[in-house]
Chemist: 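I'd like to ask some things about the structure below.
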Protein chains: 2
Amino acid sequence: MGLRERKKAETRAALSWAAVRLTVERGLDNVKVEDIADAVGVSPRTFNNYFSSKAEAIVFRHLDRCMGVAEALRERSAEPLWDAITHAVLTRFGPDAQSAAHPVADAAQWTAGVRVMVAEPALRGEMLRAGAIAEAEIAAAVAERTGGDLDHDLYPHLVASAVMAAVNTAIAHHLRTDPPVPVDRLLTDALAHIAAGLSTP
Amino acid sequence: MGLRERKKAETRAALSWAAVRLTVERGLDNVKVEDIADAVGVSPRTFNNYFSSKAEAIVFRHLDRCMGVAEALRERSAEPLWDAITHAVLTRFGPDAQSAAHPVADAAQWTAGVRVMVAEPALRGEMLRAGAIAEAEIAAAVAERTGGDLDHDLYPHLVASAVMAAVNTAIAHHLRTDPPVPVDRLLTDALAHIAAGLSTP
DNA sequence: CGCAAAGATGCGGGGCGCGCATGTTTCTTG
DNA sequence: CAAGAAACATGCGCGCCCCGCATCTTTGCG
């Protein structure tokens, strides 16, 4: 990767992070595109060269992690399918992967802000869309394993969307509970239920 | 329901239908809010009294059907859970439920337009959000049956999101295939797989 | 009938997303 | 290494969208 692409990736990540931070701190509609651009030191016009909307910028990190699941899945072609899926999800959504990058001062206040943020209607839609985009990749990765055909078989798509459903549900439950239930346990449980069948509670 | 509420529901339905029809015919960004309002005979400002965005208007019918699944589920408390779920989904997303209301002249051209419409990024997010809203209702309906607790149990939420995942996947596959596979068969298959477990393709 | 509540409309403003033209930095090639 | 090509950053301006507010009209009720 040349200098060009690296700088671009850095700017994109910086914009996304600034968008998230400001939104968590002030709330979505108290953050203007201009604010995000200023925080990174770029022109407002440039912001829209990287992201086609505020929501897309905020959700970028989530999209990245979802795509990472597909990537991790391809790297684990030796294990049985659902072991690989569980492991892939945990590496990207596990507790350590979350706060690795940017530490925050007041953890409680941060979580409260995150709760407000993910409740925002516009962002919910965008988050789900990010999951749907990654779903296509995951379905492709599953099809590679099982030898299925993406155009004719339902199974790969069904697995992908069920996995994302489990992830979304686990995260939602994690954010809903207070004190929070460990997210890795929720993810493992949810995926196990999906794999084994939901007919038996 | 008084005259007032009926008229309001009619206007809302008319706005939503006009939004869908125009979008299918011309494409999303060739339809202005003014066009939709004009088609119904209402002021543009009034449009935004009913829907807070163009996307929300277009997706309204989808939201309605998704909520209907929860409703149908509550009415079938006698059957086993997954029989009731399958039946509830089929009554709302089955082939007859689709074209019942507004007949269309050129079916092929219509389907082509629908394919373009559902590919629209902004609408995909809004559609998924509608499913997520209904998910809460479905989870509540499931919890009523199984005696689960929405705040502490993962199971009702997991069932709800897995059901919506199955529905979305089935519809997506229905729109992807040409000639189209019957949607009721896809729905039944997808739900059966979810209920029985995905570990065994 | 007459009044209170709810809805419809007009107006205006703050943003937002993007096309276009222009200047600037990075990559490639002779 | 110089110079052109390609990619990127920025400024400007437009059209549209969504909403708050004030006003007018319709509906429901006693």
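Here is how names work: the chains are called A, B, and so on, in the same order as the sequence lines, proteins then strands, and each is numbered from 1.
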Chemist: Using 30° and 60° as the class limits, which term best fits the ring planes of B:Phe93 and B:His62: parallel, tilted or perpendicular?
Modeler: perpendicular
Chemist: Would you classify A:Lys32 as touching base, sugar-phosphate or nothing, given that sugar-phosphate means primed atoms plus P, OP1 and OP2, and contacts are heavy atoms under 4.0 Å?
Modeler: sugar-phosphate
Chemist: Please report the distance, rounded to the nearest Å, between CZ in A:Phe47 and P in C:dG15.
Modeler: 15 Å
Chemist: In whole Å, I'd like the distance from the CZ atom of A:Arg6 to the C1' atom of C:dC27.
Modeler: 14 Å
Chemist: Between B:Glu25 and B:Arg21, does at least one N-O distance fall below 4.0 Å, as a salt bridge requires?
Modeler: yes
Chemist: Select base, sugar-phosphate, or nothing to describe what A:Lys54 touches, counting heavy atoms under 4.0 Å on all strands.
Modeler: sugar-phosphate
Chemist: Could you tell me whether A:Arg92 and A:Asp64 have a side-chain N and a carboxylate O separated by less than 4.0 Å?
Modeler: no
Chemist: For A:Leu15 and C:dC16, give me the distance from atom CG to atom C1', rounded to whole Å.
Modeler: 16 Å
Chemist: Calculate the interatomic distance between A:Arg45 atom CZ and C:dG15 atom C1'; express it in whole Å.
Modeler: 15 Å
Chemist: D:dC17 P sits how many Å from B:Asn49 CG, rounded?
Modeler: 16 Å
Chemist: What is the separation between atom CD on A:Glu10 and atom C1' on D:dC8, rounded to the nearest whole Å?
Modeler: 15 Å
Chemist: Return the 5'-most residue of the pair B:Lys7, B:Val33 with respect to DNA chain D, ranking by each residue's nearest nucleotide.
Modeler: B:Val33
Chemist: Starting at CG of B:Asn48 and ending at C1' of D:dC18, how long is that distance when rounded to a whole Å?
Modeler: 5 Å
Chemist: Identify whether the distance between the nearest side-chain nitrogen and carboxylate oxygen of A:Arg76 and A:Glu71 falls below 4.0 Å.
Modeler: no
Chemist: Rounded to the Å, how far apart are B:Lys8 NZ and D:dT25 C1'?
Modeler: 16 Å
Chemist: Does OP1 or OP2 of C:dT9 have a side-chain N or O of B:Thr46 closer than 4.0 Å?
Modeler: yes
Chemist: Describe the nucleic acid contact of A:Tyr50 in one word from base, sugar-phosphate, nothing, applying a heavy-atom distance below 4.0 Å.
Modeler: sugar-phosphate
